[in-house]
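Below: one structure, written as structure tokens.
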Amino acid sequence: MNSVERLSEPADLISQDLPNLSADRSLDGVQGIVDQRKTGRSPVLVIDRGRWTGLELRDLWAHRELFYLLAWRDVKVRYKQTALGASWAILQPLISMVVFTIIFGRLARVPSEGQPYAIFSYAGLLPWNFFTTAVTSSSNSLISSANLITKVYFPRLLVPTAAVGAALVDIAIASMMLFAIMPIYGVGFHASLIMLIPLIALTALTASALGIWTSALNVKYRDIRYALPFVIQILMFLTPVIYPVSFLPARWQWVLRLNPLSGIIEGFRDAIFGHSFNWNGLAVSALITLVLLLAAACVFTRMEEEFADII
């Protein structure tokens, strides 16, 4: 049975073989087992709490194949029993582009820095839709993988990050549609388009930071699943998706800079229209993303040992 067929199996069936993936897990934190014959009590497993339980990068790398399996499983589940399948990855930004162009481009006359508003809005929707899809899937990933988490050991951090990895398929498909409609609006192809690759990677890291954090909190506080869509909806208006950063007065533009997606979306538009990149804005976005990612990982690792009991 190949890996694609296995991914269609329920999580509890997949979990039967997963212990082999973690057979070499380090047991440095185990001090010993009290001899039952000497104490007259059941054996006690003593864990060294003084040992720092930070990110086990080697453990994550050792389970990289599981990351691919989980990501591909999420891709298959997302489009299973859908009539249009992966076409939804194109229809969502395309329909939104049409609506935004009519309402904000034609009626509200929102500036688009001299570029066709259709491409201007699509350039903002491309990373935004990827971000929202990745964060939403990632935040619910631990709950949906409860059978897997409660049965075997593996780095739990793989679950929310694999959900983000699965969303990369959507942005790859949506990018093809962007390249198809660019000539229609007279937007040429530039060498700067190659920058879309690192920009997508930066967007994925930003989504991972928020997804890791919310997935851990969602295990303990189920309010997250209801609050997150509302927060994302508000965040869209605080992100230059439908308007440029220059739309705000200069004295308030620094507020948008605190949102790492602002610099990323600006970078997407610069890459598509062949403009000079705002490297300072990208550097700020990258720095904020790094801080958020480290903070989210620390929160996750502190809560990780409770997942199997609470979930």
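Treat the numbers as computed from the prediction; the structure is a model and nothing was measured.
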Cluster overlap Leu217 with Tyr226, hydrophobic side-chain contacts below 4.5 Å: no

Residues that Asp170 engages under salt bridge (charged side-chain N to carboxylate O under 4.0 Å, His left out), provided they are two or more places apart: Arg78

Considering all heavy atoms, the nearest Ser121-Met97 contact: OG-CG, 3.5 Å

Rounded distance (nearest 0.5 Å) linking atom CG of Leu202 with atom CD1 of Ile264: 4.0 Å

Min side-chain heavy-atom separation Thr133-Ser137 under 4.5 Å: yes

Path from Phe237 to Ile265 over hydrophobic side-chain contacts below 4.5 Å: no

Candidate pair Phe273 and Ile119, rule side chain to side chain contact (heavy atoms under 4.5 Å, CB included), full reasoning: CA-CA 9 Å; Phe273 295 121; Ile119 304 298; 3.7 Å; yes

Test item: Ile103 and Ile242 side chains (from C-beta on) under 4.5 Å apart, heavy atoms: no

Residues in side-chain contact (heavy atoms from CB on, under 4.5 Å) contact with Leu205, at least two apart in sequence or another chain: Thr289, Leu293

Considering all heavy atoms, the nearest His190-Ile272 contact: CD2-O, 3.4 Å

Closest approach of Gly263 to Ser285 (non-hydrogen atoms, all atoms of both residues): CA-OG, 3.3 Å

Heavy atoms of other groups near Phe189 CZ, more than 12 under 6.0 Å: yes

Neighbour count above 12 (heavy atom, 6.0 Å) for Trp128 CH2: yes

Exam field: side chain Arg64 to backbone Trp61, donor-acceptor pair closer than 3.5 Å: yes

Side-chain heavy atoms of Phe300 within contact of Leu142, under 4.5 Å: yes

Any side-chain donor near an acceptor of the partner, Asn129 and Tyr122, under 3.5 Å: no

For Thr136, side-chain hydrogen bond (donor to acceptor under 3.5 Å, both in side chains) partners two or more places apart: none

Set of salt bridge (charged side-chain N to carboxylate O under 4.0 Å, His left out) partners for Arg269, sequence neighbours left out: none

In one Ile/Leu/Val/Met/Phe/Trp/Tyr side-chain cluster, 4.5 Å: Leu178, Val99: yes

OG1-CG distance between Thr132 and Leu235, expressed to the nearest 0.5 angstrom: 10.0 Å

Pairs satisfying salt bridge (charged side-chain N to carboxylate O under 4.0 Å, His left out), at least one member in residues 100-118, at least two apart: none

Any residue meeting side-chain contact (heavy atoms from CB on, under 4.5 Å) with Tyr243, in chain and number order, not counting sequence neighbours: Val110, Pro240, Phe247, Leu248, Leu256

Donor-acceptor pair, side chain of Thr301 and main chain of Cys298, under 3.5 angstrom: yes

Pair Phe154-Asp59, side chain to side chain contact (heavy atoms under 4.5 Å, CB included): steps then yes or no: CA-CA 8 Å; Phe154 63 95; Asp59 206 13; over 6 Å; no

Nearest heavy-atom neighbours spanning Ala296 and Ile212: O-CG2, 3.6 Å

Rounded distance (nearest 0.5 Å) linking atom OG1 of Thr239 with atom CG of Asn259: 4.0 Å

Minimum side-chain heavy-atom gap Phe104-Tyr117 below 4.5 Å: yes

Pair Val77-Asp74, side chain to side chain contact (heavy atoms under 4.5 Å, CB included): steps then yes or no: CA-CA 5 Å; Val77 169; Asp74 289 345; 5.6 Å; no

Under 3.5 Å: donor-acceptor pair, side chain of Ser96, backbone of Pro93: no

Ser145 side-chain N/O to Leu148 backbone N/O, donor-acceptor pair under 3.5 Å: no

Phe120 vs Pro244 side-chain heavy atoms within contact, under 4.5 Å: yes

Euclidean distance, Phe130 CZ relative to Thr206 OG1, rounded to 0.5 Å: 9.0 Å

Phe179, CZ atom: more than 12 neighbouring heavy atoms under 6.0 Å: yes

Heavy-atom closest contact (Ala163 atom, Ser141 atom, distance): CB-CB, 4.3 Å

Counterpart residues, side-chain contact (heavy atoms from CB on, under 4.5 Å), relative to Asp270 (two or more places apart): His275, Phe277

Min side-chain heavy-atom separation Thr161-Ser138 under 4.5 Å: no

Within residues 120-141 or reaching into it, pairs that qualify as salt bridge (charged side-chain N to carboxylate O under 4.0 Å, His left out) - sequence neighbours excluded: none

Closest non-hydrogen atom pair between Phe268 and Pro127, with its separation: CE1-CB, 3.7 Å

Distance in Å, Leu60 CG paired with Leu157 CG, rounded so as to fall on 0.5 Å steps: 5.5 Å

Worked verdict on Asn278 versus Val245 for side chain to side chain contact (heavy atoms under 4.5 Å, CB included): CA-CA 12 Å; Asn278 183 356; Val245 175; over 6 Å; no

Pairwise side-chain contact, Val219 with Met303, heavy-atom cut-off 4.5 Å (strictly under): no

Flag side-chain contact, heavy atom, 4.5 Å: Leu193 against Leu196: yes

Residues that, via side-chain heavy atoms closer than 4.5 angstrom, fall in one hydrophobic cluster with Val284: Ile288, Leu292

Short side-chain to backbone donor-acceptor contact, Arg222 and Lys220, under 3.5 Å: no

Within residues 237-263 or reaching into it, pairs that qualify as salt bridge (charged side-chain N to carboxylate O under 4.0 Å, His left out) - sequence neighbours excluded: Arg257-Glu266

Members sharing Ile194's hydrophobic cluster (side chains within less than 4.5 Å): Ile197

same_hphob_cluster(Leu199, Met176) at 4.5 Å side-chain heavy-atom cutoff: yes

ILVMFWY network linking Met177 to Val98, side-chain heavy atoms under 4.5 angstrom: yes

N/O donor-acceptor pair under 3.5 Å between Ser262 side chain and Leu258 backbone: no

side-chain contact (heavy atoms from CB on, under 4.5 Å) partners for Ser139, two or more places apart: Thr214, Leu228

